[in-house]
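The structure appears below as structure tokens.
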Amino acid sequence: MKNKGMIPRLKSIGESGRRSQVFNQNVKITQLGKCGRIEEAARIFNQMPHRNTVTYNSMISVYAKNGRISDARNLFDKMPRKNLVSWNTMIAGYLHGDKVDKARELFDKMTQRDDFTWTLMITCYMRNGDVEKARVLFDLLPEKKKNRACWNAMIAGYAKNGCFGDARKLFDEMEDKSIVSWNSMLAGYTHNGEMSLGLRFFEEMDERDVVSWNLMVDGFVEAGDLDSAWKFFRRTPDPNIVSKVTMLCGFSRNGRITEARRLFDEMEDKNVVSWNAMIAAYVQQCQIDEAIWLFTQMPEKNAVSWTTIINGYVRVGKLHEAEQVLNKMPYKNVGAQTAMISGYIQNRRMDEARQIFEKIGTPDVVCWNTMIAGYAHCGRVDEALNLLKRMPQKNIASWNNMIFGYAQTGQMDKAVAVFEEMGEKNLVSWNTLISGFTQNGLFTNALTTFLLMVQDGKKPDQSTFVSGLCSCANLAALEIGNQLHQIVVKSGYANDLFVSNALISMYAKCGRILSAEYVFKYIDSVDVISWNSLISGYASNGNVEKTVKIFQEMTVKGVKPDEVTFIGVLSAYSHSGFVDEGLNLFRSMTEEHLMEPVAEHYACMVCLLGRAGRLEEAFQMVREMKIKPTAGIWGALLYACRVYGNLEIGRVAAEKLSKLEPHKSSNYVLLSNLNAEAGRWDEVESTRILMTDRGAEKQPGWSWI
DNA sequence: TATGCGTAGT
């Protein structure tokens, strides 16, 4: 710096020299802030013998733009002489930190406002999705303060929020459009996945700059159309660093790390964002060593760089290393700490997650939601609810997490209550509820909710279709399944692997072999789940020949069967009484495929042996198995005992069952029936008393003989 | 030299 070490001499020069000293240091603070070197900026600020209002404004801006909003506010509160820019800068800080209420508070306190102030507040509302409040401000704004920036903020806000009509109306009304106005419209299309509209608009544009091209590249990347993205990238007249990073991320998101790296290596103008993008690409691929290497090589690190590395270690399960990085991080922001919290949560270390969470103390919505989701995922719904209640500002995701928690723990009534209590719902809210119903076997509710969602104007996505089709499969509701298939095709999900697999399963379980195979045939690249869907579908339908045929085809094609495959085939054998085939397959599963059987496999085997009356063998298998027998296994055994009138083994099974499922009445009914058939009426009576004592309500449809 | 509208990184 020019004046470094010259303070004594400058002092003697007097007032003008001091002013230029302050001027230069103000510039330096801003420059350092722009490349994320906040500590250095703060050091200069603190060491300055004289500061003016611009000095304070610069420092406030540096803090605010780097996510340190409370530091910004502290400075704002204690600065001696605020001007209009100070207020605007502070509002801008709240805008970047998504704190609309705080921004509005300042806005209302201001005695004087300029065009910056209004534009900032409008942008604030628009970013928050509050289109109406933004419009109110725009209409209140005096004509002479309505400059291009305000108009552009309105157009961009409308477009981003998907209100293309309103955006277009203002756009057409606007007299002196700038390139920003055009790009604002274009961004509306590209950010909302409307690429055909976007393309048409792009072609009609009067003028284009590099931002217009970048928007197109980004839109295609988002749409998963990497070929078009690359085409536009190559055609961009003078690609800048943003163009390159956008394309790099496109490659990275599609797992094309080599091409991403090539782009990075060819970049002559790397900045902290391009470094972070490349590091994130390796983190995405779980190539943590390469990520770390780049991290050590990069000239400037910011909070995002640190957070990415912490996330990287979390992804590969190296929590200790993540902790160390967090400890070394110079200024620990909420994002980095939230990354660490997620790490603990993923490893079920809820107490440690909670510790960091309590330490942060700031009302950061993402952080709160991470904690709530954590409790929900491990079934600790009470704690999740507790946090939700205490949460200062909830968003839709907070409620969605709660719905998920209840769905996970089978409390669908409470999930519905939360769903009804929350205000605005998004696609995730609906999907969580629908998949909750499906996973809890409430298939009719799932389909009804699907219908309500469509009536509410929400477009079903992959998750909705999978849940819906799965429900149809379980209800054997072919007609609804057919209708869903039509919507799938119309919505452009016909090529989605997950949806296709659900379709296969639906058709197979509804007994439509040809339709299932038709969907299967038209999948670009089937996976093991596609095969399993066919196999399990035919198995549940009792079609053992078809099940085995598909299984053999799968093996011939070299696809490795997994646990689910064997469950499917074994259950087909068990339903059809193919005992030897089942025993052979079970043996080959453990001996040839070296697979450790899980509870479902054993349940199939017990069922298989039990149905054939080979109760002793079944019982022996249960006693010798390596895992703890589940209720499903004892239930299968008890059922077989009931069929073959084996009181001895049946009692053992019933005793185990009554401990595992004390409230399930069907277990007592089976034992009671068994006793009744053996003429043990005293036992029948005592079973009935036991059942009442344990609060097992008799289900309708079961009868006492 | 400090604040607003359109593009990239957790």
Side-chain angles (χ1 to χ4, degrees), chain A residues 19-20 22-31 33 36 52-62 64-65 67 83-93 95-96 114-124 126 145 147-157 159-160 178-188 190-191 208-219 221 236 239-250 252 271-281 283-284 302-312 314 333-336 338-339 342 366:
Chain A
R19 268 215 300 269
S20 86
V22 172
F23 180 97
N24 286 331
Q25 289 184 309
N26 291 348
V27 175
K28 189 76 194 169
I29 289 175
T30 307
Q31 281 173 348
N52 58 20
T53 302
V54 177
T55 318
Y56 279 94
N57 293 347
S58 307
M59 198 60 222
I60 291 172
S61 176
V62 167
K65 282 193 180 147
N83 62 12
L84 185 51
V85 179
S86 322
W87 287 82
N88 288 342
T89 307
M90 201 55 232
I91 293 186
L95 164 67
H96 291 296
D114 65 0
D115 48 327
F116 277 82
T117 324
W118 288 90
T119 311
L120 279 162
M121 205 56 233
I122 287 173
T123 310
C124 243
M126 282 301 195
K145 280 186 186 166
N147 62 8
R148 281 211 299 218
C150 297
W151 279 85
N152 290 341
M154 281 304 293
I155 295 170
K160 275 262 174 75
S178 65
I179 179 65
V180 176
S181 326
W182 287 91
N183 285 338
S184 300
M185 268 315 292
L186 180 62
T190 58
H191 284 295
R208 297 180 193 122
D209 69 356
V210 66
V211 175
S212 331
W213 286 91
N214 292 350
L215 281 167
M216 290 306 288
V217 174
D218 185 59
V221 165
T236 307
N240 62 9
I241 181 116
V242 178
S243 330
K244 293 170 200 167
V245 172
T246 308
M247 199 60 231
L248 188 160
C249 292
S252 149
N271 65 9
V272 66
V273 178
S274 45
W275 280 91
N276 287 346
M278 196 63 235
I279 293 175
V283 163
Q284 203 67 33
N302 64 11
V304 176
S305 331
W306 288 88
T307 310
T308 309
I309 288 296
I310 294 172
N311 266 324
V314 165
N333 66 356
V334 185
T338 309
S342 317
V366 176

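Here is the naming used below: chain letters follow the sequence lines, and residue numbers restart at 1 for every chain. Hydrogens, waters and symmetry mates are skipped; everything else that's a heavy atom, side chains included, is used.
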Using a distance-only criterion (donor-acceptor N/O pair, under 3.5 Å, no hydrogens), is the base of B:dG4 paired with the side chain of A:Asp114?
no
Report yes or no: is there a donor-acceptor pair, N or O only, under 3.5 Å between the side chain of A:Asn214 and the base of B:dG6?
no
Taking only the side-chain heavy atoms of A:Val54 (C-beta and beyond), determine which of B:dT1, B:dT7, B:dC5 contains the nearest atom.
B:dT1
Would you say B:dG6 has OP1 or OP2 under 4.0 Å from some side-chain N or O of A:His191?
no
Side-chain contact check for A:His96: nearest option of B:dG4, B:dC5, B:dG9 is B:dG4
OP1 or OP2 of B:dT7 sitting under 4.0 Å from any side-chain N/O of A:Lys160?
yes
Testing the 3.5 Å rule here: is there a donor-acceptor pair between the side chains of A:Ser181 and A:Ser178?
yes
Can you tell me which nucleotide in B:dA8, B:dT1, B:dC5 comes closest to the side chain of A:Asn26?
B:dT1
Among B:dG9, B:dC5, B:dT10, which is the nearest nucleotide to the side chain of A:Asn311?
B:dT10
Given B:dT7, B:dT1, B:dA2, which nucleotide is nearest the side-chain atoms of A:Val27?
B:dT1
Among B:dT3, B:dT10, B:dG9, find the nucleotide with the atom closest to the side chain of A:Val85.
B:dT3
Measure from the side chain of A:Asn88, starting at C-beta and using heavy atoms only, and say which of B:dC5, B:dT7, B:dT3 lies closest.
B:dT3
Among B:dT10, B:dT3, B:dG6, the one nearest A:Thr307 by side-chain distance:
B:dT10
When you look at A:Ser342 and A:Asn311, which way does the side-chain contact (heavy atoms from CB on, under 4.5 Å) test go after all the steps?
CA-CA 9 Å; A:Ser342 317; A:Asn311 266 324; 5.6 Å; no
